[in-house]
Amino acid sequence: MSVRYRRLLAKSSLCPLEPHLRETLGGHIEDVVGSSVALAPHFGEILSASALSHAVNSEELELLLLRAAALHDLGKANTDFQAMVRGRQ
């Protein structure tokens, strides 16, 4: 059986049929990427303070972290997770 949702949720919502933007998967990912972009200027500092400083440069780290931020929750777009955050499982 295929279940379709108007909006995919990233977390539980008091009103899953009309969730706040930040409760939706798209809104949540947008927030996480925005936070990562704000932190990006500091990635070089973080890298130089870590043991990874010789293994990867700051531009590579920034690109990897921004990609990770954009992709980290895509697994929530499955039927089981969506049923769970809606209290149906």
Side-chain angles (χ1 to χ4, degrees):
M1 174 169 95
S2 178
V3 178
R4 296 185 188 259
Y5 298 105
R6 248 182 62 182
R7 294 191 177 106
L8 295 175
L9 299 179
K11 55 188 89 182
S12 297
S13 172
L14 292 176
C15 188
L17 296 177
E18 294 296 328
H20 293 284
L21 178 61
R22 290 186 164 160
E23 295 171 331
T24 67
L25 186 56
H28 172 69
I29 291 172
E30 188 176 310
D31 283 347
V32 172
V33 169
S35 295
S36 297
V37 168
L39 291 172
H42 306 286
F43 291 162
E45 298 167 28
I46 295 166
L47 181 63
S48 63
S50 76
L52 295 173
S53 60
H54 67 283
V56 64
N57 67 45
S58 61
E59 291 83 19
E60 289 173 339
L61 179 63
E62 182 176 335
L63 182 59
L64 289 171
L65 292 175
L66 292 174
R67 285 180 179 169
L71 300 174
H72 82 283
D73 272 340
L74 290 183
K76 291 180 176 180
N78 75 63
T79 305
D80 291 335
F81 181 84
Q82 291 301 309
M84 182 189 69
V85 294
R86 287 170 166 78
R88 296 182 185 154
Q89 201 175 40

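Every value quoted in this text rests on a predicted model; they were computed, and no experiment measured them.
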Note, [X] side chain near [Y] side chain (heavy atom, < 4.5 Å):
| X | Y | value |
| --- | --- | --- |
| Leu25 | Leu9 | no |
| Ser36 | Leu65 | no |
| Lys76 | Met84 | no |
| Ile29 | Thr24 | no |
| Val37 | Leu66 | yes |
| Gln82 | Leu8 | yes |

Review point. Could you walk me through whether Arg7 and Glu23 pass the salt bridge (Lys or Arg N to Asp or Glu O under 4.0 Å) check?
Key: CA-CA 10 Å; Arg7 294 191 177 106; Glu23 295 171 331; over 6 Å; no
Practice item. Could you tell me whether His20 and His28 have their ring centroids closer than 6.0 angstrom? Key: no
Review point. Would you call Arg67-Glu62 a salt bridge at under 4.0 Å N-O?
Key: no
Point to revise | SB check Arg22 Glu30 (cutoff 4.0 Å) | key: no
Practice item. Using the ring of Tyr5 (Phe, Tyr or Trp, six-membered ring only), decide whether Arg86 places NZ or CZ under 6.0 Å from its centre and within 45 degrees of its axis. Key: yes
Practice item. Taking all heavy atoms of Pro16 and all of Pro19, pick out the closest pair and write down the distance. Key: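 For Pro16 and Pro19, the tightest heavy-atom pair comes out as O-CD, 3.4 Å.
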Check your understanding: Just by distance, do the side chain of His72 and the backbone of Ala69 share a donor-acceptor pair under 3.5 Å?
Key ->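 Side chain of His72 to backbone of Ala69: a pair is present.
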